[in-house]
Amino acid sequence: MNRRRRVWGLKAGVWALGLFPLARVGWWVRDGLIGLGANPIEKVLLHSGWWTLTLLMAALAVTPLRRITGWNELVKLRRPMGLFAFFWATIHFGVYIGLDQFFEWTFIWEDIAERPFITVGFAAWLILLALALTSTRGWIRRLGKRWTLLHRGVYLAGLLGVIHFYWRVKADTREPLIFGAVFVALMALRMQWTKRRAKGR
Amino acid sequence: MLIGKPNDIPSSEITPRDSYLKRREFIGKTARGLIVAAAAPSTLLACDRANGKAAGGSAAAEQEELTPYEHVTTYNNFYEFGVGKEDPSELAHRFNPSPWTVEIGGLVNNPGEYHLEDFLKPHAIEDRTYRLRCVEAWSMVIPWQGIPLADVLNRAGPRPGAEFVELTTVFRPSEMPGQRRGFIDWPYVEGLRLDEAMHPLTILATGLYGEELPNQNGAPLRLVVPWKYGFKSIKSIVRIRLIDHMPVNTWKQMQPSEYGFYANVNPNVDHPRWSQARERRIGELGRRPTLMFNGYGDQVAHLYEGMDLSRWY
């Protein structure tokens, strides 16, 4: 298959995935705000948070997928996928700051300092911010070897995101645990390959 | 429309449901305008409302808007049907609340098992409009119909030694899919101290907005204790027992560091994972300050005199 076409198709897939949650919200509000239910802010927070985690897991799955299929062009998907995860993380954080807390900075700082699940969520977002800002070719050049080290932060962001979700839910830990299992599986795959490389295979 | 004391408002004053459905449209349209205005924090209506009117006691409730029927019946925490807020309204059609049997027992002179109609027959159904504050920090204002729990208990005749009331929800996993999962030790159990149960504010509700209780709201019989967090207001009750010891209520059993027996609404005692100082009134955009005892302090604070409420949460 034509490589260029494949890349184009995969990139289109990434954009479709990244924008689908937006389409979903559009669908809900087609008849008005009532489509978001009795607690629209909660619904959008949950929706954006879930998609942040999903896109983050998808971004983490790119390299394993590349190794399994041998399609090296998949590496081009890491940046758009990661940036979409950052996009939805920012929507999630923005809704929390602007609509949930109405820019009341005292309450927000108190939350970040005193509620562990918000502390880790904020930390995860800060990491994604740093990664987004340094995602350009200019920064790759500027940082050189340190760029790879910095961008390993995506693993920490993924872990913190799962913990944020797990600590947030009231009693039903099913979904956070599923995300946790996916994360562990993706990390385990990587560790296996790193071990193999270290052994010189 | 709202009352500070029982029996103040005749049912003729409750506005018909249709008017409230029209109000929902209005709220929907203005809410869209408010989203735009939300960029300028100081202009928010909800903040003004919160600072001005809700600051008082239960008397201030007269100025509060009822939560639209659509929200009351589609935004529910009723894990027996699922943990999503919309699960109960989507899945409750499987539930059949009729025929229904209520058992009264324990330390009473007149124990018995009653068909719901016979259970309710000796009592006059009253209108009670209450604030309901969920432990998750959202709240509603709901026009209930029901009977005082005190009348039911007096009829049963508490015996000496009866100090607590224990209430139990139906266990029917065939009609309640959430009960097939084991993360909660079904059936759901709640309890009150006898003086809390006998308080005039405490009711067994049989309807809302002038209609029979929808399944998702705890048909056909549920408790409403307006000065406590919503999880105390147990739904779809099949058993009421008077006992001599504090019952272990389900949420306390699940997570005792987060949920206690008393569960009085208290802005000064935070949930370990979130603040209880403010709440979102469903239908409003901003948050409003949470009131001590949900604004019913003038009627219930005396029940807790001398108690350290940060210990007895």
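Contacts between B:Arg273 and chain A at a heavy-atom distance below 4.5 Å involve backbone atoms as well as side-chain atoms. No part of B:Val72 comes within reach of chain A, as not one of its non-hydrogen atoms sits under 4.5 angstrom from that chain. Using a 4.5 Å cut-off between heavy atoms, B:Trp274 contacts chain A through both its backbone and its side chain. Within the 4.5 angstrom heavy-atom criterion, only side-chain atoms of B:Asn77, from C-beta onward, approach chain A.
Taking 4.5 Å as the limit, some side-chain heavy atom of A:Glu42 sits within range of a side-chain heavy atom of B:Lys85. Residues B:His71 and A:Asn39 have side chains not in contact (no heavy-atom distance under 4.5 Å, counting atoms from C-beta outward).
Put simply, of B:Gln255, B:Arg278, B:His271, the one with the most heavy-atom pairs under 4.5 Å next to chain A is B:Arg278.
Residues from residues 109-147 of chain A that place a non-hydrogen atom less than 4.5 Å from a non-hydrogen atom of chain B comprise A:Arg115, A:Phe117, given in numerical order.
Residues A:Lys170 and B:Tyr79 bring a donor and an acceptor atom of their side chains to less than 3.5 Å of each other.
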side-chain contact (heavy atoms from CB on, under 4.5 Å) between A:Ile41 and B:Arg287, worked out:
CA-CA 11 Å; A:Ile41 293 171; B:Arg287 284 184 183 263; over 6 Å; no
Given side-chain contact (heavy atoms from CB on, under 4.5 Å), test B:Phe183 with A:Arg174 step by step and report yes or no.
CA-CA 10 Å; B:Phe183 74 106; A:Arg174 220 174 9 172; over 6 Å; no
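Crowding of B:Glu258 atom CD: a count of heavy atoms from other residues, nucleotides or ligands under 6.0 Å exceeding 12. The environment of CH2 in A:Trp8 is sparse: at most 12 heavy-atom neighbours from other residues, nucleotides or ligands sit within 6.0 Å.
Across every non-hydrogen atom of A:Ile34 and B:Glu70, the tightest pair is CG1-OE2, 4.5 Å. For the residue pair B:Tyr75 and A:Ala38, the shortest heavy atom distance occurs at CB-CB, 3.4 Å. Contact record, B:Leu285 with A:Phe102: O-CE1, 3.1 Å, taken as the closest heavy-atom pair.
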